[in-house]
Amino acid sequence: MKPTNTRNPAYFHKVVDCQWACPAHTDVPGYIRLIAQGRFTDAFMLNRETNVFPGILGRVCDRPCEPACRRHRVEEKPVAICRLKRVAADLADDYSDLLPKAPAVRNGKRVACIGAGPASLVVANDLVPAGYEVVIFEGLDVAGGLMRSNIPSFRLPTEVLDREISDIIGMGAELRLGSRIDSMKQLLAEKFDAIFVGTGAPKGKELKLPGRHDDSAHVHIGIEWLESVAFEHVKSIGRKVLIIGVGNTAMDCCRTSLRLGADDVKVVARKPRQFFKASPWELDDAEEERVEIVINRSPKAFVTEGGRLKGMLFDIMEYDFDARGRITAERVVGEETLPADDIVLAIGQENAFPWIERDIGIEFGKWDVPVVDEQTFESTLPGVFFGGDSAFGPKNIIWAVEHGHQAAISIHKYCQGEDVRERPPYGMKLEPAKMGLHEWAYSNNYDESKRRQMPHVDLKERFRKLDVEVELGFTAEQFATEVERCLNCDIQTDFTAKLCIECDACIDVCPVDCLTITMNGTEEELRARLTAPSKNLSQALYVSEPLKQTGRVMVKDEDLCLHCSLCAERCPTAAWDMQLFTLLNPKAIDEVENPAPGKRRFGT
């Protein structure tokens, strides 16, 4: 194998598993260390550089970072990354003076954002400080998109949402509430330099079965019903409620039903639990509130009597599985009717673009959604961009954030007459992590503490009002313990081959046997010779230049390393060192020669 190029940002970035898994590439270990130091405002601002909404995402993110967390190598539960993000947001001091601002003189370019959801807000967040005039059109009388209308306030308090939206509008974006766009053709005539569509996936899927419209007043579309509850158009529901579907929207629907007067709520799934789309913690929270989850039931018909809903008829399903847990066969083994006063359909969401004329140059593909470039987010009509759920269908807020960042780069390039396909590269910075002979600028001791449990409001208390936030946030003692569970994956081992004397001290001291000195060969050959078995082929091997004593190479299995620094402490020649890796995420403002004040990195 060729020597590893550790100066390619992608190499160390991939080693920082949580940051690699995060769509917005948030510096997770960086903000956790700042929390450990009590620097909550810096931790908040470091978060905000990439994910923009620390308080919101610290409560409702889908947490793609946590399944990737390196802590899984040593125990079952990952670091509570999402919960710690909330700690930074909740404990930050006034940070208004630290936010980017619009420059005194704008660049003369006007950008329209349709919809005031997370993707559009991020576009404004990135383009306003770069000198753009950004106008956000929102059909409702309040901003936030599906964050506002579909996430219940007992999970995401209104004041948190309001604060982080106002941070962006306060930079200098223009927000036009109650301004629904009914014609793309008409908006194009207003001569904006670019248009961004961030309207989400606002259409809930229907269930076309017998009896569906016999009592429509008691059969609800999940996202429409949640919106009606959020804006207080709906204030009650029947005692017995069935929720059809097992995604996160279904979890919000079942828990909201309990707060509106239901006392017998069932979530009904067609398949077994391992196929559920809902996040595990959402399922746990629902079951804690005594929601019953019924599996292997396929909806067959709505049951009504005299025009009044009485329940739903289901086929009882049975499945066969292969060795990998995939369904190989299914069959109906019976029928069952479950009683209900109301039924909520939460079986998915769809895009809806009746306001985009089909003769203006925007092509539509499968499922009648626009054809959008996955790298540039530009449609087939130059200058019109899509992001968030409106681009590729329903995903989590953190995906909408990254779409917004990338679309902002494309919009800037388009407005400046540059090729939108020429993407700015990611950068990196390496800094010494050593403070003394055996002293490091991070806590390198392995902490055996188990993951802290989020404290909740008492069951009786949480049902008194719809907006009682269930999760209380970590106590000081809890987050002080939780931050120590982080393995600091961004503190990278840095090897200098010419200093190595092949004494094997690093190999002897390594607690996980991730180091091997051997003759070079193919990757397959090297993996076969490693001190410890190589099980995760998706993580790279580090291979050094030939060592001067024997011509062998130092090989490190990045998947096993716990970043404990013992190799660097034991090495007698300083061939091993620990370096702080910082990923430099490209943003639209990086392309501007004279950006507005406030462009700095927090926590460094």
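Everything numeric in this text was worked out from a predicted model, so none of it was measured. We use all heavy atoms of the structure for the numbers below, so side chains are in, but hydrogens, waters and symmetry mates are not.
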### Task
Report the distance from atom CD of E224 to atom CG of L345, rounding to the nearest 0.5 Å.
10.0 Å
### Task
Among residues two or more places apart or on two chains, list those pairs meeting side chain to side chain donor-acceptor pair (under 3.5 Å) that have a residue in residues 419-428.
D373-R421, Q375-R421, Q406-R423, S410-R423
Contacts under 3.5 angstrom, residues 113-123 side chains, donor-acceptor by atom type, not counting sequence neighbours:
from	atom 1	to	atom 2	distance (Å)
S120	OG	G115	O	2.7

### Task
Can you sort out the partners of H405 under ring pair (Phe, Tyr, Trp, His ring centres under 6.0 Å), two or more places apart, ordered by chain and number?
none
### Task
I would like to know whether R163 and D94 meet salt bridge (charged side-chain N to carboxylate O under 4.0 Å, His left out); could you show each step before the answer?
CA-CA 11 Å; R163 181 180 67 242; D94 180 15; over 6 Å; no
### Message
Filter on ring-ring contact (aromatic ring centres under 6.0 Å, His included), then keep only pairs touching residues 90-110, sequence neighbours left out; what's left?
### Response
F44-Y95
### Query
Does the distance from a Lys or Arg side-chain N to an Asp or Glu carboxylate O, for R39 and D93, drop under 4.0 Å?
no
### Summary
Those residues at least two apart in sequence (or on a different chain) that pass side-chain hydrogen bond (donor to acceptor under 3.5 Å, both in side chains) with Q186 are none
### Residue pairs, two or more places apart or on separate chains, that pass salt bridge (charged side-chain N to carboxylate O under 4.0 Å, His left out) and touch residues 67-76
D17-R70, D17-R73, R71-E75, R73-D559, E75-R485
### F377: ring pair (Phe, Tyr, Trp, His ring centres under 6.0 Å) partners, not counting sequence neighbours
F392, H403
### Query
Within 45° of the ring axis of W281 and under 6.0 Å from its six-membered ring centre, is that where the NZ or CZ of R63 lies?
yes
### E66: partners by side-chain hydrogen bond (donor to acceptor under 3.5 Å, both in side chains), with sequence neighbours left out
R451
### Message
Taking ring-ring contact (aromatic ring centres under 6.0 Å, His included) as the cut-off, I'd like each qualifying pair that reaches into residues 141-169, sequence neighbours left out, listed once.
### Response
none
Please list every donor-acceptor pair under 3.5 Å in which a side-chain atom of residues 9-16 meets a protein atom from a residue at least two apart or in another chain.
from	atom 1	to	atom 2	distance (Å)
Y11	OH	E558	OE2	2.7
H13	NE2	H25	ND1	3.4
K14	NZ	S538	O	2.6

### Task
Would you please name every residue forming a ring pair (Phe, Tyr, Trp, His ring centres under 6.0 Å) with F53, sequence neighbours left out?
none
### Task
Please identify each residue that fulfils side-chain hydrogen bond (donor to acceptor under 3.5 Å, both in side chains) with S166, with sequence neighbours left out.
none
